[in-house]
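The structure appears below as structure tokens.
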Amino acid sequence: MTIDRAALQAAIARLAAAMERDFDLLNSADGALGDGDLGVTMTRGMHAIVDRADDLPDDLGLALLACAQAFTKSSGSSYGTLLAKGMMTMAKGVKGRTEIAAAEVSGLVAAARDQMQALGKAEIGGKTVLDSLDAVAQATAGKTDPAEVADAAARAVDDALDAFRERKATIGRARIFGDKSVGRDDPGMLAMARIVKAVADREG
Amino acid sequence: MTIDRAALQAAIARLAAAMERDFDLLNSADGALGDGDLGVTMTRGMHAIVDRADDLPDDLGLALLACAQAFTKSSGSSYGTLLAKGMMTMAKGVKGRTEIAAAEVSGLVAAARDQMQALGKAEIGGKTVLDSLDAVAQATAGKTDPAEVADAAARAVDDALDAFRERKATIGRARIFGDKSVGRDDPGMLAMARIVKAVADREG
Amino acid sequence: MKKILNAPEAYVDEMLAGLVAAHPDYYRLHGDTGKVIARATPGRAGKVGIVTGGGSGHLPVFTGYVGTGLLDACAIGDVFASPSAEQMADAIRAADQGAGVLRLYGNYGGDVMNFDMAGDLVDFDDIACSTVLLADDVASAPPEEAEKRRGVAGMVYAFKIAGAAAEEGRDLAAVTAVAQKAADACRSVGVALSPCTVPQAGKPTFEIAEDEIEMGMGIHGEPGVWRGKLQSADAIAAEMMDRLLADMPLKAGDRVSVLVNSLGATPPEELYILYNVVKARLEGAGATIVMPLVGRYATSMEMAGVSFTLCKLDAELEALLQAPCDCAFWRVG
Amino acid sequence: MKKILNAPEAYVDEMLAGLVAAHPDYYRLHGDTGKVIARATPGRAGKVGIVTGGGSGHLPVFTGYVGTGLLDACAIGDVFASPSAEQMADAIRAADQGAGVLRLYGNYGGDVMNFDMAGDLVDFDDIACSTVLLADDVASAPPEEAEKRRGVAGMVYAFKIAGAAAEEGRDLAAVTAVAQKAADACRSVGVALSPCTVPQAGKPTFEIAEDEIEMGMGIHGEPGVWRGKLQSADAIAAEMMDRLLADMPLKAGDRVSVLVNSLGATPPEELYILYNVVKARLEGAGATIVMPLVGRYATSMEMAGVSFTLCKLDAELEALLQAPCDCAFWRVG
Ligand SMILES: Nc1ncnc2c1ncn2[C@@H]1O[C@H](COP(=O)(O)OP(=O)(O)O)[C@@H](O)[C@H]1O
Ligand SMILES: Nc1ncnc2c1ncn2[C@@H]1O[C@H](COP(=O)(O)OP(=O)(O)O)[C@@H](O)[C@H]1O
Ligand SMILES: [Mg+2]
Ligand SMILES: [Mg+2]
Ligand SMILES: [Mg+2]
Ligand SMILES: [Mg+2]
């Protein structure tokens with residue numbers, strides 16, 4: 001089983017539903033240490049993508065580029081901008097292809113992580129979405145079976161939350177609250193956990 | 001028993017205490033149909049009078065004039081202005097005297113009512129403080145015994161409330177609410193009931 | 001009560017002290033009641049004076065509009081309470097430049113009684129006084145009893161227009177006449193979303209549920225003519241415009257200014273959302289909008305809500321409205 | 001959510017439509033993203049352009065300060081959300097008069113990333129760009145990490161000063177240098193009494209008890225550095241001044257402007273009460289206050305609270321601060 005346009009569309013549908021569901025959760029996670037808009041960012045972004053989902057090209061590079069552009073226009077929040085950058089990076093990586101293998105996921109996620117880091121200038125280990133992506137890239141490395149990749153990715157995002165929960169935020173709005181952030185999930189990591197599990201179809 | 005400076009001072013003390021007690025009651029009665037400041041007006045006015053109470057002159061005219069002036073400076077609300085006008089009228093009526101008899105109360109109240117009417121241009125029967133004063137003037141007319149005068153005045157203000165409760169407001173802020181004012185005491189009449197009973201020492 | 005203050009009794013005095021300290025080029029305290037604000041530099045000799053008065057808690061109304069091309073002096077009471085007759089008399093004296101003084105203020109019982117008494121007091125000073133009452137709130141009485149209406153945000157137009165006429169050098173009768181014309185040309189209506197708290201009362205004047213609005217309330221927290229569910233901005237604006245246009249119909253070719261006013265907490269963002277409907281309705285009636293005003297011009301402290309005021313203009317009123325004026329809260333020209 | 005609006009998704013578009021409709025002499029929509037506001041009449045050819053950007057919900061910040069002697073264009077996002085890089089690129093294009101464009105905006109992650117990306121986009125158009133970030137909120141990082149601080153109301157001073165320098169005809173390097181000097185001269189701190197509601201979130205960003213305040217919160221409803229009991233105006237003002245003066249000590253002879261800013265619902269009455277303490281503290285330190293600003297200059301919709309901003313002036317900054325400017329919300333000169 002490979003990832004193609006139909007799989008992308010199905011993933012978009014699951015992800016859009018998950019973000020509707022998590023609207024309040026993400027807003028309040030962000031509100032505790034930031035400005036409380038993360039649920040808004042994600043639902044708006046997914047609406048914009050869903051609007052384009054029916055006529056996505058077969059070329060997965062072009063399809064992901066269209067998704068990134070739609071997302072980008074919908075908001076300029078930190079998270080939205082970083083995600084769009086990540087999608088754009090993946091889009092470049094698969095340009096001209098209509099199918100990709102599960103084995104490629106790790107490399108694509110790692111590339112997204114690196115480009116997002118270049119844009120946002122945060123460190124790996126700083127308790128941000130970068131750490132979730134880093135965990136996914138590492139956990140899926142070397143795996144080729146789609147189900148195994150999905151399982152590993154879903155486990156990795158939760159493990160990352162556990163691993164970073166007791167650390168201090170170092171970047172973005174949450175940084176200001178230093179100690180108050182200890183014991184709380186980083187909202188962007190929390191969102192990435194929900195995203196990855198929806199895309200990987202490993203919810204609940 | 002006649003009314004002199006000492007009696008006036010005692011009445012001021014009772015009245016000030018009554019107005020503290022009724023602060024919220026009068027504010028909310030006024031708030032239902034107006035701007036909710038009647039308790040504020042009365043406590044402020046009484047504070048201003050209490051501040052002068054120790055050095056009031058023996059001349060009851062001058063004493064009442066001092067009270068009216070103190071009250072007037074403390075606020076320019078409708079009720080405060082009308083009351084000050086009433087006090088000023090009584091002050092003129094007793095100028096040069098150090099004692100007055102209970103039998104004079106009815107005439108003094110009637111004079112106050114008339115001058116307040118000239119200032120505010122409301123009708124008798126319009127469900128305002130004028131109707132409370134009118135009731136007191138009538139109920140005390142012809143009475144000479146101090147206790148009887150006090151009893152009659154205290155009964156008259158309550159009877160006036162009962163008699164006017166079901167009527168519509170015709171003046172001031174409450175006029176706007178026409179029907180909504182039916183079944184509600186006019187805040188100025190309610191305040192006058194509390195004032196008269198405190199001054200007459202017929203509370204509870 | 002969630003307000004930033006020291007003692008409730010000191011609210012107005014400290015507010016006035018700060019106002020004068022922050023804007024010494026515009027305002028000064030006059031006399032010794034501590035409650036009269038006059039222009040920092042008095043109007044020129046021979047200019048008709050314009051004086052107003054009313055309760056505190058409405059900034060920029062009343063004191064804020066003391067300035068060139070506007071008011072000369074203002075007597076200010078406690079929050080939502082009339083100033084005393086004595087204070088008003090002081091304000092009249094501060095405003096007088098030898099050509100008489102127009103008393104231009106809102107139609108409230110306490111203010112009327114006290115300004116009347118103040119007039120008696122300044123009779124001794126030989127200051128000629130005239131009076132124009134603002135009574136623009138259509139919610140407060142039917143058209144047959146228009147003279148009983150309360151004065152609300154329409155006073156901003158009256159201050160501006162009368163102030164310009166006085167600055168031009170017109171005499172007391174002429175300034176009074178044009179002020180009356182401006183007052184007659186204004187219609188207002190307001191809607192409240194949340195109450196405000198009079199510092200000395202210590203709690204909100206009225207209670208209103210999270211999903212309710214109060215249509216036609218006054219600027220002192222007086223209850224409105226009806227209470228209903230919170231509606232869309234378009235529906236609220238449409239009802240308010242209906243009420244105003246029913247009271248003062250407009251026809252093609254009419255020229256009108258409109259004030260979309262926040263009562264305090266409502267942010268300008270929401271005023272601009274409402275302005276779209278206001279503009280469409282006025283232009284739909286064929287009227288031309290002149291110098292629309294959108295902002296906080298007449299408030300009730302932290303109350304959430306808005307008022308709309310229409311001011312129908314003839315050539316004279318329009319010229320005076322657009323004449324220069326200057327105070328710490330408003331500049332034209 | 002008690003707000004006057006139609007659909008949450010339409011809040012910003014309708015707000016901008018109303019803003020442009022009410023003030024066509026000041027503002028126009030530029031380009032086709034629907035989210036870029038430019039001067040109605042562009043600055044003259046050869047003038048350095050100044051552009052800003054940020055979320056909606058802060059009026060007059062950001063769009064309101066587009067005007068003569070101020071900004072040339074502004075990209076505006078959803079409530080409290082950065083505009084996109086594409087919108088920022090459009091704003092840069094609107095601001096360009098051939099002499100390059102200064103990007104002058106608050107230090108927020110999303111804005112920084114997007115303005116960086118926008119710079120890449122306009123590279124193709126051969127528009128020279130420089131950047132100055134506002135980072136004036138002392139509550140958001142200790143002095144050692146001052147570059148990590150958020151930008152809050154201090155941007156009003158930076159807009160004013162940089163705008164005057166550009167209007168004077170200085171080149172991009174000079175405008176950038178003086179904007180940086182102004183940004184470095186500002187320190188702000190805020191206190192919130194009540195939260196505000198992002199229309200699309202539908203409920204308040206934070207909860208706060210009737211008797212509590214939040215010191216050091218941001219202008220997007222970000223929580224503060226501590227929460228405590230509501231205190232007297234004097235105590236609140238004293239703590240805020242302590243924090244500012246600890247960060248930027250003043251000495252006798254210093255000249256300083258101060259902005260006492262309402263975050264929205266807090267009425268001017270309360271700002272003036274606070275101003276008394278602010279003035280006493282600054283004068284107590286021997287400083288001279290220049291052009292104090294008291295009012296709503298940078299808000300968070302209907303949030304109750306205030307911020308203080310100090311801007312320490314040298315002769316150059318003072319002259320630029322007092323130079324003329326004009327927009328629908330602020331006029332100097
Ligand atoms: N510079 C950055 N680098 C990496 N991740 C970041 C960066 N800034 C923010 N984030 C991530 O984005 C999340 C916050 O996103 P968002 O709510 O959109 O921010 P804002 O509202 O401040 O623009 C954080 O929890 C963090 O995971
Ligand atoms: N013109 C008037 N003539 C007689 N009584 C009046 C008049 N106006 C008001 N009142 C009385 O005053 C009361 C309201 O007083 P107050 O709260 O001080 O008014 P406001 O706040 O409107 O100035 C009314 O209940 C009524 O009894
Ligand atoms: Mg956020
Ligand atoms: Mg009242
Ligand atoms: Mg009153
Ligand atoms: Mg945000």
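Letters go in sequence order (proteins before strands), and every chain restarts at 1.
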If you tally heavy-atom pairs under 4.5 Å between each of D/Ala81, D/Pro142, D/Gly110 and chain A, the highest tally belongs to D/Gly110

Residue set satisfying side chain to side chain donor-acceptor pair (under 3.5 Å) with A/Gln138, at least two apart, ordered chain then number -> A/Asp134

Between chain A and chain D, which N or O donor and acceptor atoms come closer than 3.5 Å?
unit_1: A/Arg44; atom_1: NE; unit_2: D/Asp78; atom_2: OD2; d: 3.3
unit_1: A/Arg44; atom_1: NH1; unit_2: D/Asp78; atom_2: OD2; d: 3.1
unit_1: A/Arg44; atom_1: NH2; unit_2: D/Asp78; atom_2: OD2; d: 2.9
unit_1: A/Gly76; atom_1: N; unit_2: D/Ser82; atom_2: O; d: 2.9
unit_1: A/Gly76; atom_1: O; unit_2: D/Ser82; atom_2: OG; d: 3.3
unit_1: A/Gly76; atom_1: O; unit_2: D/Asn114; atom_2: ND2; d: 2.8
unit_1: A/Ser78; atom_1: OG; unit_2: D/Gly110; atom_2: N; d: 2.9
unit_1: A/Thr81; atom_1: OG1; unit_2: D/Asn114; atom_2: ND2; d: 2.8
unit_1: A/Arg173; atom_1: NE; unit_2: D/Glu222; atom_2: OE2; d: 2.7
unit_1: A/Arg173; atom_1: NH2; unit_2: D/His220; atom_2: ND1; d: 3.0
unit_1: A/Arg173; atom_1: NH2; unit_2: D/Glu222; atom_2: OE2; d: 3.4
unit_1: A/Arg175; atom_1: NH1; unit_2: D/Ser140; atom_2: O; d: 3.4
unit_1: A/Arg175; atom_1: NH2; unit_2: D/Ser140; atom_2: O; d: 3.2
unit_1: A/Arg175; atom_1: NH2; unit_2: D/Lys148; atom_2: O; d: 3.0

So, the part of D/Ala75 with a heavy atom under 4.5 Å from chain A: the answer is neither

By side chain to side chain donor-acceptor pair (under 3.5 Å), A/Arg165 pairs with (sequence neighbours left out) A/Asp162, A/Asp185

Okay, D/Met217 and chain A: the region with an atom under 4.5 Å from a heavy atom over there is neither

Honestly, the part of A/Leu33 sitting under 4.5 Å from a heavy atom of chain D is backbone

Okay, A/Ala32 and chain D: the region with an atom under 4.5 Å from a heavy atom over there is backbone

By side-chain contact (heavy atoms from CB on, under 4.5 Å), A/Ala53 pairs with (sequence neighbours left out) A/Ile12

Per-residue tally against chain D (heavy atom, under 4.5 Å) across A/Ala84, A/Ala122, A/Gly76 peaks at A/Gly76

